[in-house]
Amino acid sequence: MMENYRSLTIGEIKQLELNGCQAEDWSAVTVGEDFNPEYVHRVAFYGEVQLGVYEKKVEVTKDFFKHSGIYNATLRNVTIGDNCLVENVGGYINNYTIGDDCLISNVSVIETSEGATYGEGNLISVLNEAGDGNAILFGNLNSQFAAFMVKHFGDKNIKDEIRRLINEDIERNMPERGIIGNNVRVIGTKEITNCVINDSCEINGASRLSDCSILNGPNDSVFIGTGVICENSIVCNGSSIINSVKMQDCFVGEACHIANGFTASQSVFFANSYMSNGEACAAFCGPFSASHHKSSLLIGGQFSFYNAGSNTNFSNHAYKMGPIHYGLLERGTKTASGSYVLMPAKIGSFSVCMGKLMHHPDTRDVPFSYLISYNDDMYLVPGRNITTVGLYRDIKKWPKRDMRQQGCQKSIVNFDWLSPFTVGEILRGKKILERLKEASGDLQSQYNYHDYVINASSLRKGIKYYDIALRLYMGAVLKRAKKHNYFGRPTTTIGKGNWIDLSGLLLPESEENRLIDDIKNGTLKTIQAVIDRFEEINSHYREYQWTWTYDMILDYYGLDEITEEDATHIREEYIKARRAWIAEIRKDAEKEYAMGDVEDNVFSDFIDKLDHEIDFEDLA
C-alpha cells in the first residue's frame, strides 16, 4: 500500500464526474502517483479517501479476470490499496483501511464504529455458563494460556495481573479503524462491522461479521463461508467456518473446522478441533476435540483429544479398525466442578449413566478404563483401553492429523500417550487395584470400589495391563536417554512430583507454580513473556521427563541407581511388555474381525502393521 498520496488534478476530477462519480469534497480525495480515473466509476466519496493505482487484472474465479478498480460504491474515510477490485457495494464502506490486491464484491456494509475492539479483550465464562468471566480473548491466545487462565482466575492477584498484561498488549496493537489486509477476498457478504481481517483470508457468502479479528499465518489463512454469523470472536490461521455457523463470544484456534449449522457461544476451540451440526456453550475444547452430531451439546466441560458422540454415546465407535476413528478421551474431559470422566474411557458401545460418572472425581484414579452400566450397577473394567485396536490407531493417527503449518503453531501439543502425567495416573490406578485385592483376598468374584463393581477377572487383567504400560514407558524413556546421551542421574530436580496437562502442554506442577509466582512478582512483564515461558517449559520436556522417570525406575525395580546392567534388564522387560501389548491388540483385532464387521483387506493391513512393530523395538 502506498504511503504517499497526491491531490487529484482538475482533469482527473472531470473524468471521474463523467464516470458518474461525486464527492462531498474533491480536495479530500487523494490518489497514488500513477492513478488512472478510467477504472473508477459510479463512486460517491465522503470524508477523507485515499486510492491506490489500478493497473492489473483480478481473478474473481478460476480463469475469469476483471480489471482492478472501484465500481458502484460509496466510500467514507477509506483507504483502498493498489490493484484492488471493489464493486457493487450496496450500502457503504466507512472508516476502513483496505490493503493491496483485494477483491470486495457484492457486499452491503463494511464499517468501523466508535469504540471498536475487534473481539480483543472480550471476557467470557467457560466451564460455568452462569459464572464470572474466566477467560480473556486476544489474538495471541493459545490453549495453554487459556487453560491457565480458567484454572487460576479464582486467584485475584493472578487475575488482576493477567488482565493488566493482556490489556497492555491489546492497547499496543489496537488499530485506529478496521483493517482488511492484502490479498483478501470479501464476496457476497451482507455486513462486516468492527473487524480486522488479515492477509489472504476469504469471506464468501457470510451473513454478518461483527467485532471480530480474522487472523492468518505466513501460509495459512482463514475461510469464512455461506450464512455464517460471527460476533465478538477471534478466528486464527488455517481455520474454516462454513455453512450457517452461528458463533458469539468465541475463540477459534489454528486449523479448526466449524461447519454445518454448529452454534457456539462463550467457548474456545484449539488446534485441529472439528465441530459440526451440534452446539457448544461455555465449552473449553482443547486440541483435537471433535463433535459431529446434531444432538451433541458440549456445555460446561473441558475436552482434549476427544470425540463427542450423540446423547449418552460419548465416543461413537463400535467399530475400531474401519472408518475414521476420531478419539478416545486420551486426555479426558473435565466438568465445571472439577470432576473427570475416565481418562481415556472407551464408552462408545455402552450405555453410560452420566450422573454417576460425572460426580466421582475418584474415577480419574483408574485410567484407560471402560465404565459400563447394567441396570442400576456401574461396572468398572480397569485399564482395558490400553490394549485395544482403537487406542493403537489413535496413537498413530494424531500426529498425522495436525494440519497446522510449521512455524506458526501457537498452541503446544504433546502427543505422548505415556508421559509422567498419564503414567502417574497408571501408578495410582495399579496401587488401588492391588490394595483392593490385598484387602479382600484372591477368592472374591467381585470387588467394590466406591460405587463401582469390578469383576475379579477384570481386576487381575487391569493390574496386568497397567504393568505392561509401565514397563513400556520406562523402557522407551530409558532408550531415548541412552540414544541422546543423557542417561545417568538427572542433572536437574525439575520434574519431580506431580505432573499436569495444560491443554496439550505436559509439565511438572512445580513449573506451573513457578509461572504463577513470576506473574505475581512481575518477573514476566508482558503477555509474550508468559507465552515464551510455556515454550521454554515444553523445550525441556524430555529433560524433566527423565528426572521424573529416573525416580520411578528406582522405585519400581528397588534400585539405588541405574547401572548399565540394570538398563539391559529394563530393556529386556520393555521388549517383553511391548510384545505382550501387541499380542493383546492383535487379539482385540481378531475378536472384532470374527464379528464380521471388518473387511478382509482392512484386517490384513492392520495385522501387517502389527507384525512390523518388532522393527521399532530398537528405535527411541
Side-chain angles (χ1 to χ4, degrees), residues 1 73-81 84 86 89-122 124 136-141 169-171 173-217 220-242 244-254 256 258 264-265 269:
M1 185 178 293
T74 298
L75 309 178
R76 178 181 180 271
N77 296 335
V78 172
T79 297
I80 299 177
C84 292
V86 178
V89 178
Y92 51 82
I93 302 176
N94 180 31
N95 292 327
Y96 247 87
T97 298
I98 299 170
D100 299 332
D101 303 296
C102 293
L103 171 61
I104 298 176
S105 177
N106 294 302
V107 299
S108 180
V109 172
I110 300 176
E111 179 175 31
T112 308
S113 60
E114 187 176 354
T117 61
Y118 316 103
E120 300 267 358
N122 189 11
I124 68 171
I136 304 172
L137 308 187
F138 63 100
N140 285 325
L141 184 66
D169 186 69
I170 290 172
E171 288 172 7
N173 298 291
M174 183 71 68
E176 294 181 0
R177 64 186 187 186
I179 295 174
I180 293 176
N182 300 323
N183 299 294
V184 171
R185 298 167 68 89
V186 181
I187 302 167
T189 296
K190 293 180 181 178
E191 177 187 340
I192 294 178
T193 305
N194 300 337
C195 292
V196 168
I197 303 173
N198 278 9
D199 295 354
S200 303
C201 295
E202 181 169 349
I203 318 296
N204 196 327
S207 290
R208 182 170 73 254
L209 271 61
S210 177
D211 292 281
C212 293
S213 288
I214 312 301
L215 309 178
N216 71 333
D220 217 4
S221 57
V222 171
F223 180 84
I224 296 181
T226 304
V228 170
I229 297 174
C230 191
E231 300 174 331
N232 300 310
S233 298
I234 297 174
V235 183
C236 293
N237 46 292
S239 290
S240 58
I241 304 177
I242 62 173
S244 301
V245 166
K246 294 179 176 61
M247 178 176 294
Q248 187 174 41
D249 301 312
C250 290
F251 184 92
V252 180
E254 313 134 282
C256 293
I258 303 181
S265 64
F269 308 89

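Everything numeric in this text was worked out from a predicted model, so none of it was measured.
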>> For a 4.5 angstrom cut-off between non-hydrogen side-chain atoms, does Ser213 reach Phe138?
In response: no

Checking side-chain polar atoms at under 3.5 Å, does Asn182 have a donor or acceptor matched by the opposite partner on Asp101?
no

Heavy-atom nearest pair, Ser233 first then Gln248, reads OG-C, 3.9 Å

One should read off an interatomic distance between Ile98 CD1 and Ile93 CD1, to the nearest 0.5 angstrom, of 4.0 Å

Quick check against the 3.5 Å criterion: does Asp100 have a side-chain atom that pairs as donor or acceptor with the backbone of Gly81? no

Taking every heavy atom of Gly181 against every heavy atom of Val184, the minimum-distance pair comes out as O-CG2, 3.5 Å

Output for pair (Arg208 CZ, Ile229 CD1), nearest 0.5 Å, gives 5.0 Å

For this session: Could you check Glu120 against Asn173 for side-chain contact (heavy atoms from CB on, under 4.5 Å), going step by step and ending with a plain yes or no?
Result: CA-CA 10 Å; Glu120 300 267 358; Asn173 298 291; over 6 Å; no

- Any Leu215 side-chain heavy atom under 4.5 Å of Cys236 side chain: yes

Q.
Can a donor-acceptor pair be found, under 3.5 Å and without considering hydrogens, that links the side chain of Tyr96 to the backbone of Leu75?
A. no

Heavy atoms of Gly99 and Cys84 approach each other most closely as O-SG, 2.9 Å

Scanning both residues in full, the closest heavy-atom pair of Asn216 with Cys201 reads CB-SG, 4.1 Å

message = Counting C-beta onward and ignoring hydrogens, is there a side-chain heavy-atom pair between Glu191 and Ser108 closer than 4.5 Å?
response = no

Give a yes or no on whether the backbone of Ser113 and the side-chain of Asn194 come within a donor-acceptor separation of less than 3.5 Å. yes

Within-4.5 Å side-chain heavy-atom neighbours: Ile104 and Ile180 = yes

- For the residue pair Ile258 and Val235, establish whether any side-chain heavy-atom pair is separated by less than 4.5 Å. no

Got Arg177 and Asn77 here, is their nearest side-chain heavy-atom distance under 4.5 Å?
yes

CD1 of Ile179 to SG of Cys195, rounded to nearest 0.5 Å, is 12.0 Å

Output for pair (Ile203 CD1, Leu103 CG), nearest 0.5 Å, gives 12.0 Å

**Report entry** Residue pair Ile192 / Val107, side-chain heavy-atom distance below 4.5 Å
**Finding:** no

Heavy-atom closest pair (Ser239 atom, Glu254 atom, distance to 0.1 Å) is OG-C, 3.8 Å

- Derivation and outcome, side-chain contact (heavy atoms from CB on, under 4.5 Å), residues Asp211 and Asn122: CA-CA 10 Å; Asp211 292 281; Asn122 189 11; over 6 Å; no

**Asked** Just checking, is any N or O donor in the side chain of Ser221 or Asp199 under 3.5 Å from an acceptor N or O on the other one?
**Response** no

Item to complete: Using atom types as modelled and distance alone, determine if a side-chain donor or acceptor of Thr74 lies under 3.5 Å from a backbone N or O of Tyr92.
Response: no

Between Cys212 and Asn232 the two heavy atoms that sit nearest each other are SG-N, 3.9 Å

The reported gap from CG in Asn94 to CD1 in Ile110 (rounded to nearest 0.5 angstrom) is 11.0 Å

Value for CD1 (Ile197) from CD1 (Ile214), rounded to nearest 0.5 Å, stands at 6.0 Å

Note to self: Within the 4.5 Å heavy-atom criterion, are Asn95 and Glu114 side-chain neighbours or not?
What the structure shows: no

